[in-house]
Protein chains: 2
Amino acid sequence: MRVPKQERQQLLVTLLEEDPFLTDEDIARHFSVSIQTVRLDRLECRIPELRERLKSVASQQMLGTVKSMQAEEIFGEIIDAELDNKAISIFDVKEVHVFKRNGIARGHHLFAQANSLAVAVLDDDLALTVRSSLHFQKPVRAGDRVVCRATVRKETLKNKSTVVDVLSTVESEPVFSGEFQMYRTTKKGG
Amino acid sequence: MRVPKQERQQLLVTLLEEDPFLTDEDIARHFSVSIQTVRLDRLECRIPELRERLKSVASQQMLGTVKSMQAEEIFGEIIDAELDNKAISIFDVKEVHVFKRNGIARGHHLFAQANSLAVAVLDDDLALTVRSSLHFQKPVRAGDRVVCRATVRKETLKNKSTVVDVLSTVESEPVFSGEFQMYRTTKKGG
DNA sequence: TTAGTATTAATACCAAGTGCTAATCTAAAG
DNA sequence: CTTTAGATTAGCACTTGGTATTAATACTAA
């Protein structure tokens with residue numbers, strides 16, 4: 001008996017978490033026991049067979065496909081844009097965006113939405129954020145739909161930069177506001 | 001013949017892209033042909049069998065697991081923290097963090113690293129960002145390792161809030177700096 | 001009619017299992 | 001020393017979802 005049963009079963013669990021692709025034969029070799037022992041172990045630990053494991057891993061992947069699209073959408077979906085003037089985006093706050101401890105959205109998601117919108121409204125090959133000052137006015141929670149409005153200020157500063165004002169609201173209540181000073185290489189429509 | 005062969009084979013491809021879990025039997029029913037026909041179709045289209053499909057979907061998931069961990073690590077890895085005083089985190093910039101058009105890191109990643117660090121250094125159940133003012137001093141690119149230092153200012157404002165100063169550097173060069181005014185419910189270690 | 005394609009059927013085989021029964025091994029207790 | 005229990009191993013029939021191959025049938029077009 002190389003390794004006591006209990007320990008082996010614990011190892012089995014972590015082993016398959018790391019690599020769910022192992023067949024019973026692989027596992028048997030790994031622990032130097034018979035295939036039958038592996039099967040008993042799986043039975044006792046309620047670990048499904050290889051093919052079922054792959055099925056469930058794969059189905060998570062299919063769910064994840066949707067999820068990772070959402071992850072890219074943390075910037076928010078731009079629903080209206082008038083270049084060099086103003087733009088609007090919406091961002092639906094999910095569980096993944098909030099602190100587990102208090103259910104309040106992490107600040108950088110609101111920042112990301114606003115900053116992305118500020119970049120987008122300038123439609124410039126090289127629009128970079130230089131400075132910004134922000135005000136998180138009210139906590140945002142999962143389920144909230146954040147509407148962000150960006151407005152480009154008409155005056156351009158000496159150093160090729162432009163100021164974009166942003167205001168994010170949830171059900172018409174301001175939750176976040178600020179301004180972004182953006183550096184740009186070219187000025188369009190002026 | 002319900003549907004001509006070519007069309008059926010094209011449909012087969014998209015069908016399995018949408019749902020790779022279908023057995024040949026399922027597919028046969030779907031197109032009202034025999035299982036053998038489905039198998040010939042798969043052969044001609046070089047579509048592998050169910051189990052191989054699941055294997056490849058699942059292996060993408062396992063790669064994705066690493067990826068999504070990285071996605072959660074966009075906040076940066078905290079390498080040193082002295083609660084209510086100062087903390088340091090590092091964030092390795094990857095291709096996914098930069099604008100394709102100019103190769104420069106999106107501002108919200110730098111913000112996220114700094115803001116997360118500001119939250120972490122306060123170690124408070126309810127540390128929220130109230131205001132912040134930021135300066136993006138120098139573009140950051142893929143491959144750069146951003147080191148962010150956060151320092152908690154000693155004086156506490158009337159309204160239960162604390163100011164955290166942050167400075168991010170790449171190879172000792174400042175790239176980003178700012179301050180976060182954080183709201184907190186309790187003050188510890190004072 | 002006859003060739004050529006498309007479809008269906010039938011058979012043997014494989015991998016990776018489940019489910020069940022039976023044998024063996026080992027170690028501790030009486 | 002023997003008994004007993006738990007752990008391990010073995011064997012066999014059966015299941016799924018296939019592959020590979022060969023043969024038969026149907027439809028179509030020249």
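Note on naming: letters A, B, ... go to the chains in the order of the sequence lines (proteins, then strands), and numbering restarts at 1 for each one.
Cluster partners of A:Ile78 are A:Leu117, counting Ile, Leu, Val, Met, Phe, Trp and Tyr whose side-chain heavy atoms approach within less than 4.5 Å, directly or via other members. Under the 4.5 angstrom side-chain criterion for Ile, Leu, Val, Met, Phe, Trp and Tyr, the cluster partners of B:Leu16 are B:Leu11, B:Leu12, B:Val13, B:Leu15, B:Leu22, B:Ile27, B:Phe31, B:Val33, B:Val38, B:Ile47.
In this structure, B:Arg131 does not pair ionically with B:Glu179, as no charged nitrogen and carboxylate oxygen lie closer than 4.0 Å. In this structure, B:Lys5 pairs ionically with B:Glu44, as a charged nitrogen and a carboxylate oxygen lie closer than 4.0 Å.
Looking at residues two or more places apart in sequence or on another chain, you find no salt bridge (Lys or Arg N to Asp or Glu O under 4.0 Å) involving A:Arg141. Annotation: salt bridge (Lys or Arg N to Asp or Glu O under 4.0 Å) contacts of A:Glu25 (sequence neighbours excluded): A:Arg29. Contacts of A:Thr23 classified as side chain to side chain donor-acceptor pair (under 3.5 Å), with partners at least two apart in sequence or in another chain: A:Asp26. Scanning for ring-ring contact (aromatic ring centres under 6.0 Å, His included) contacts around A:Phe111 gives A:Phe180, B:Phe111, with sequence neighbours left out. Not counting sequence neighbours, B:Asp144 has no partner by the salt bridge (Lys or Arg N to Asp or Glu O under 4.0 Å) test.
Computed from coordinates, the B:Leu22 CG to D:dG17 C1' distance equals 13 Å when rounded to whole Å. Atom C1' of nucleotide D:dT16 and atom CZ of B:Phe21 are separated by 17 Å, given to the nearest angstrom. A straight line from CD1 of B:Ile47 to C1' of D:dG18 spans 15 Å, rounded to a whole angstrom. Atoms CD (A:Glu44) and C1' (C:dG19) sit 15 Å apart, rounded to a whole Å. The distance between atom CG of B:Leu40 and atom P of D:dT21, rounded to the nearest whole Å, is 13 Å. Taking atom CG on A:Leu43 and atom P on C:dG17, their separation rounds to 13 Å, with Å as the unit. Distance NZ (B:Lys5) to P (D:dC27): 17 Å, rounded to an integer number of Å. Note: CD (B:Gln6) to P (C:dT7) measures 11 Å, nearest angstrom.
At its two ends the helix from C:dT1-D:dA30 to C:dG30-D:dC1 runs along axes set 10° apart, each axis drawn from five pairs and the angle rounded to 10°.
Judged as a ring-ring contact (aromatic ring centres under 6.0 Å, His included), the pairs with a partner in residues 129-151 of chain B (not counting sequence neighbours) are, in order, B:Phe136-B:Phe176. Applying the salt bridge (Lys or Arg N to Asp or Glu O under 4.0 Å) test to pairs two or more places apart or on separate chains, those with a residue in residues 48-59 of chain B are B:Glu49-B:Arg51, B:Glu52-B:Lys55.
Of all the residues in residues 24-39 of chain A, A:Asp24, A:Arg39 reach under 4.0 Å from DNA chain C with at least one non-hydrogen atom. Near DNA chain D, defined here as any heavy-atom distance below 4.0 Å, there are no residues from residues 48-57 of chain A.
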